[in-house]
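Note that these values count all heavy atoms, side chains included, but never hydrogens, waters or copies made by symmetry. Proteins come first, then strands; the chains are lettered A, B, ... in the order of their sequence lines, and each starts at number 1.
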Number of protein chains: 2
Amino acid sequence: MQIETIIQEKKLKLTAARKEILELFIDSQKPLSYDDIKESISMDKATFYRNISKFETESILHSFESNDKKRYYEITGTPHAHFICKECNSIECLEESINLKIKNHTVHDILIKGICQKCMG
Amino acid sequence: MQIETIIQEKKLKLTAARKEILELFIDSQKPLSYDDIKESISMDKATFYRNISKFETESILHSFESNDKKRYYEITGTPHAHFICKECNSIECLEESINLKIKNHTVHDILIKGICQKCMG
DNA sequence: TTATAAATGCAACTAAGTCGCAATTAAGAT
DNA sequence: ATCTTAATTGCGACTTAGTTGCATTTATAA
Ligand SMILES: [Mn+2]
Ligand SMILES: [Mn+2]
Ligand SMILES: [Zn+2]
Ligand SMILES: [Zn+2]
């Protein structure tokens, strides 16, 4: 996944901030919040959120609200559901695809909440 | 569903605020946020949230975070999934039960996000 | 190069929810 | 019926995630 290619395809300017953000998300195996990465990036949070916003409208990233009031972002790739632990707030990408249809509705995401293995003791 | 019975079973004090909150949630066909009902209640928001919190630990209510940064609460009854429209933020209770197991995880809730009938045009 | 629209940093702001504290009240004991 | 006391309440101040206005900077293409 080439950052320059992604940016050029969407006709966006390739800035240092955008490179930093995309590198982080491309390398990450799980969704990240601003809070997760604020120490690893050098831009202002306004810049972070404005770029995230643009990446979302361009479908480069997508996001969901977790249980902890934070929004989590990840690269748009193979669609998959997420498991959120209500106890430790950890998020797992579920690779096993869930086939789910609801008539008169278009399903985009599935979030499953419960207790993860660690927290079950 | 008798409010007095619910309160007494959990050994809570029956206050005016609690009556107001429970009446609203018992009558509602869908989950509600503080913002949805703040005009309909007479207590302070701190009182609302403290009572909601107590009701959640007593399993009288349960809640989830939607797409709009607000938390939604509903009476704990028959377990069911929720559909959240990403466009209009409306929430629907899905009565058709979804059978879903993930090994080494306890599933409590399922949130499905997408586009509702209204928003599909 | 230079022009210019887009992007950035900063600070001030918003909105949902939380907390400390003094005053009030529900409910059991007298 | 009144007293006692822990639980509950209202208020205001606070926290936290994210947003916005504006002056400055920068990526791109003419
Ligand atoms: Mn994922
Ligand atoms: Mn419901
Ligand atoms: Zn966990
Ligand atoms: Zn909708």
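The aromatic rings of A:F83 and B:H105 lie perpendicular to each other, with more than 60° between the two planes, well past the 30° mark.
For A:Q117, the CD atom sits in a loose shell: 12 or fewer heavy atoms of surrounding residues, nucleotides or ligands are nearer than 6.0 Å.
Centroid-to-centroid, the aromatic rings of B:Y73 and B:H62 stay 6.0 Å apart or farther.
Protein atom CG of B:N67 is 18 Å distant from nucleotide atom P of D:dA17, rounded to whole Å. Summarising the geometry, the separation between CD on B:E20 and C1' on D:dT9 is reported as 13 Å, rounded to the nearest angstrom. The nearest whole Å value for the distance from the CG atom in A:D36 to the P atom in D:dA17 is 11 Å. In this structure, B:I52 atom CD1 and D:dT9 atom P are separated by 12 Å, rounded to whole Å. Taking atom CD1 of residue A:I41 and atom C1' of nucleotide D:dG18, one finds them 13 Å apart after rounding to whole Å.
In terms of modelled atom types and a separation under 3.5 Å, the side chain of A:S33 and the main chain of A:Y72 share no donor-acceptor contact.
Side chains of B:I6 and B:I26 form a contact here, defined as non-hydrogen atoms less than 4.5 Å apart.
Of the residues in residues 82-91 of chain A, none lies under 4.0 Å from DNA chain D by heavy-atom distance.
B:K38 comes within 4.0 angstrom of no nucleic acid atom, judged by non-hydrogen atoms across all strands. At a threshold of 4.0 angstrom between heavy atoms, the contacts of A:K11 with the nucleic acid are absent.
Note that the NZ atom of A:K45 and the NZ atom of A:K38 stand 8.5 Å from one another [nearest 0.5 Å].
For the salt bridge (charged side-chain N to carboxylate O under 4.0 Å, His left out) test, residues two or more places apart in sequence or in another chain that qualify with B:K86 are A:D109.
Residues B:K30 and B:I91 approach most closely at CD-O, 4.2 Å, considering heavy atoms.
The side chain of B:N51 places an N or O atom within less than 4.0 Å of a non-bridging phosphate oxygen (OP1 or OP2) of D:dT9.
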Test A:Y34 against A:I52 for side-chain contact (heavy atoms from CB on, under 4.5 Å), laying out the working first. CA-CA 10 Å; A:Y34 172 68; A:I52 286 288; over 6 Å; no

Do nucleotides 17-30 of chain C as a string where each nucleotide becomes B, S or -: B if the base has a protein heavy atom under 4.0 Å, S if just the sugar-phosphate does, - if no protein is that close. BBBBB---BBS---

